[in-house]
Amino acid sequence: MDPLDVVSHLERVKPVYQPVFSAVKHDIIGYEILGRYWHEGEWVSLGGFFHDAQVPEDFKLEVDQHILHLAIEDMVEHDMKGDLFINRNAKQLMLESGEPLLTTLHHYEEKGFDMSRIVLEITEHDFDEDFEMLNHLLLYYKTYGIQIAVDHVGAKSSNLDRLRQLEPHILKVDSKILSGVDSSGYQDIIYSLSMLARRIGAALIFENIEDAYQLYYAWKHGGRYYQGFYLARPSFSFLEPFSQQPLIKEHVDGFIKREKNLIEERLAHVLKWDQRTRGLLDHWDGPKRVDSFLEKVTRYFDEESFRMYVCDSNGRQISSNFRKREETWKKETDILGTNWAFRPYFLENMVQMRLWNKGRLSDLYSDIETREMIRTFSFPLSDHHYIFIDIKYAYIYDHESLLI
């Protein structure tokens, strides 16, 4: 379509509404507005128009403002509650110092449409523009109660510092990345984004959810809101707030049951290893005979472990490494005397083991030597000595409960 035709025939432009669902009540908390254009006998998406770098920004702004007018009028007329998610790029926003958007919102605020219901979406790519100017403008919008959302977060991990500086209300994650070739590496980015969202008080929206697995992924990784064709396609009309509640509830009930079963299975592993190690305490004869003790322990963890060692309460390794190579346990003395207290949570875990007198299982992490994802089971041998038993990836992979 010709961009000039679009701008010249705004009467052919209409908004469609894609619902945003809540993980809390499974209801619709708002709508993202998208543009459609009547072209050759059908309504076609305006996505190409807005993403075309050759289309002048003032053209895009004019069409966006028209769509926004229609959407707010529609919501007021139908007495619709909830938020309105609108998309703007940085260049549009900075035209006329961002005043066109505020002028429109001030107009409807006088009619009772609160500005706090507006969620302004920018993409992470917009950070490539003049970030300082953009940041100041968004802070200015925030003073009016406008919520800020950053779309396509994680596309550039180097922008995490800018996300922290901006402190948006919402981070939007594209679920389509899960089907990409690099989806495994995306797990680390999602974890970082989840931690960042918690630190700055932002909510996570998972968008483009197209199947039950992506919905599960969104739920499992702390998504407060969901959006995508699997739940509802964009429509010219609004839906009943709880229209998809049965579908979401049924899925979430299944997710909860599955997670609880996996957690119970994982804790059963921990209890089994705790009891097994506790039963070997009779063989513990202090640090002078620590390697002889570990040699006995290897027989009881031959299936699960590939490495074990003992540290004192300051994190200093007092034993050799016992390392399984080609199905045989080898003693490696060169590691003796190293200190592991620098590792995150190392000292805290040891204090907890001493106070509670129970073994602990670490989170999944990448082993420095093997580069594989492993877990470590640790247990207090005394108030001052602790055994660390590294669980190999092959065993973890065969037991799904250890993968979560």
Side-chain angles (χ1 to χ4, degrees), residues 1-10 12-18 30-37 44-75 83-109 113 115-153 155-156 159 162-163 165-166 168-172 174 205 207 234:
M1 74 188 80
D2 188 333
L4 190 58
D5 285 343
V6 176
V7 177
S8 302
H9 297 92
L10 290 179
R12 300 180 188 172
V13 175
K14 288 182 64 175
V16 291
Y17 308 101
Q18 184 167 33
Y31 291 87
E32 179 177 358
I33 54 172
L34 307 166
R36 295 291 184 267
Y37 178 69
V44 297
S45 170
L46 281 171
F49 171 85
F50 287 115
H51 293 131
D52 189 344
Q54 303 303 313
V55 177
E57 296 302 328
D58 56 337
F59 278 25
K60 296 176 183 177
L61 179 60
E62 185 174 356
V63 174
D64 259 334
Q65 289 293 91
H66 174 73
I67 292 172
L68 179 59
H69 276 288
L70 294 178
I72 297 180
E73 290 280 3
D74 215 3
M75 292 195 84
D83 295 336
L84 195 60
F85 292 70
I86 64 174
N87 295 278
R88 295 289 188 275
N89 67 42
K91 291 180 180 178
Q92 281 178 258
L93 287 175
M94 289 189 280
L95 287 174
E96 301 178 41
S97 301
E99 289 300 322
L101 176 60
L102 280 181
T103 300
T104 299
L105 297 180
H106 277 308
H107 171 74
Y108 285 102
E109 189 175 41
F113 190 90
M115 282 199 198
S116 64
R117 296 175 62 187
I118 294 295
V119 181
L120 175 61
E121 293 189 25
I122 62 169
T123 68
E124 192 177 353
H125 301 297
D126 287 329
F127 294 170
D128 294 334
E129 302 295 325
D130 187 337
F131 178 76
E132 290 305 318
M133 184 178 294
L134 177 64
N135 188 31
H136 285 306
L137 178 58
L138 296 179
L139 287 173
Y140 177 53
Y141 283 157
K142 281 183 178 182
T143 64
Y144 288 97
I146 297 172
Q147 302 177 65
I148 306 300
V150 179
D151 201 359
H152 295 106
V153 290
K156 294 185 177 181
N159 283 331
R162 290 184 169 182
L163 285 172
Q165 183 179 344
L166 183 60
H169 301 85
I170 292 171
L171 302 178
K172 295 193 76 173
D174 190 349
I205 291 183
E207 60 181 339

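Throughout, residue positions are numbered sequentially from 1 according to the sequence presented.
The shortest distance between side-chain heavy atoms of Val119 and His169 does not fall below 4.5 Å. Under the 4.5 Å side-chain criterion, counting only non-hydrogen atoms from C-beta, Phe50 is not in contact with Val55. Counting heavy atoms from C-beta outward, Leu134 and Leu166 have side chains that stay 4.5 Å or more apart. Between Leu138 and Leu120 the shortest side-chain heavy-atom distance falls below 4.5 Å. A heavy-atom distance below 4.5 Å is not found between the side chains of Leu46 and Leu34. Side-chain contact check for Gln92 versus Leu101: every heavy-atom pair is 4.5 Å or farther apart. Using a 4.5 Å heavy-atom cutoff, the side chains of Leu68 and Leu84 are in contact.
Pairs engaging residues 45-60 under the side chain to side chain donor-acceptor pair (under 3.5 Å) rule: Glu57-Asn89 [sequence neighbours left out]. Evaluation of the ring-ring contact (aromatic ring centres under 6.0 Å, His included) test over residues 83-103, restricted to residues two or more places apart or in two chains, returns none. For residues 53-72, the ring-ring contact (aromatic ring centres under 6.0 Å, His included) pairs, not counting sequence neighbours, are His69-Tyr108. For residues 96-109, the set of pairs meeting the salt bridge (charged side-chain N to carboxylate O under 4.0 Å, His left out) definition, not counting sequence neighbours, is empty.
With sequence neighbours left out, Tyr31 forms a side-chain hydrogen bond (donor to acceptor under 3.5 Å, both in side chains) with no residue at all. Partners of Tyr144 by ring pair (Phe, Tyr, Trp, His ring centres under 6.0 Å), not counting sequence neighbours, listed by chain and number: His106, Tyr140. Legend: residues meeting side-chain hydrogen bond (donor to acceptor under 3.5 Å, both in side chains) with Glu32, ordered by chain and number and at least two apart, are Asn87, Lys172, Gln227. In this structure, the side chain to side chain contact (heavy atoms under 4.5 Å, CB included) partners of His107, at least two apart in sequence or on a different chain, are Lys111. By the salt bridge (charged side-chain N to carboxylate O under 4.0 Å, His left out) test, Arg88 is found to be paired with Asp64, residues two or more places apart in sequence or in another chain being considered. Under the side-chain hydrogen bond (donor to acceptor under 3.5 Å, both in side chains) criterion, Thr104 pairs with Gln65, sequence neighbours left out. Here Gln147 pairs with Asp83 under the side-chain hydrogen bond (donor to acceptor under 3.5 Å, both in side chains) rule; sequence neighbours left out. Gln165 is linked by a side chain to side chain contact (heavy atoms under 4.5 Å, CB included) to Phe131, Glu132, Asn135, counting only residues two or more places apart in sequence or in another chain.
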Could you please spell out the steps behind the side chain to side chain contact (heavy atoms under 4.5 Å, CB included) verdict for Tyr141 and Leu93?
CA-CA 11 Å; Tyr141 283 157; Leu93 287 175; 3.9 Å; yes

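In plain terms, the two heavy atoms of Leu137 and Gly98 that are nearest each other are CD1-CA, 4.1 Å. Closest approach of Pro15 and Ala71 over heavy atoms only: CG-N, 4.1 Å. Across all their heavy atoms, Val16 and Pro234 have their closest contact at CG2-CB, 3.9 Å. Contact between Ile67 and Gly35 at its shortest, heavy atoms only, is CD1-CA, 3.6 Å. Listed here is the closest heavy atom pair of Leu61 and Leu95: CD2-CD1, 3.9 Å.
Side-chain N/O atoms of Asp5 and Tyr37 include no donor and acceptor closer than 3.5 Å.
Exactly one of Val150, Ile148, Asp151, Ile205 qualifies for a side chain to side chain contact (heavy atoms under 4.5 Å, CB included) with Ile170. That residue is Ile205. Among Leu10, Val6, Val13, the one residue that satisfies the side chain to side chain contact (heavy atoms under 4.5 Å, CB included) test with Glu62 is Leu10.
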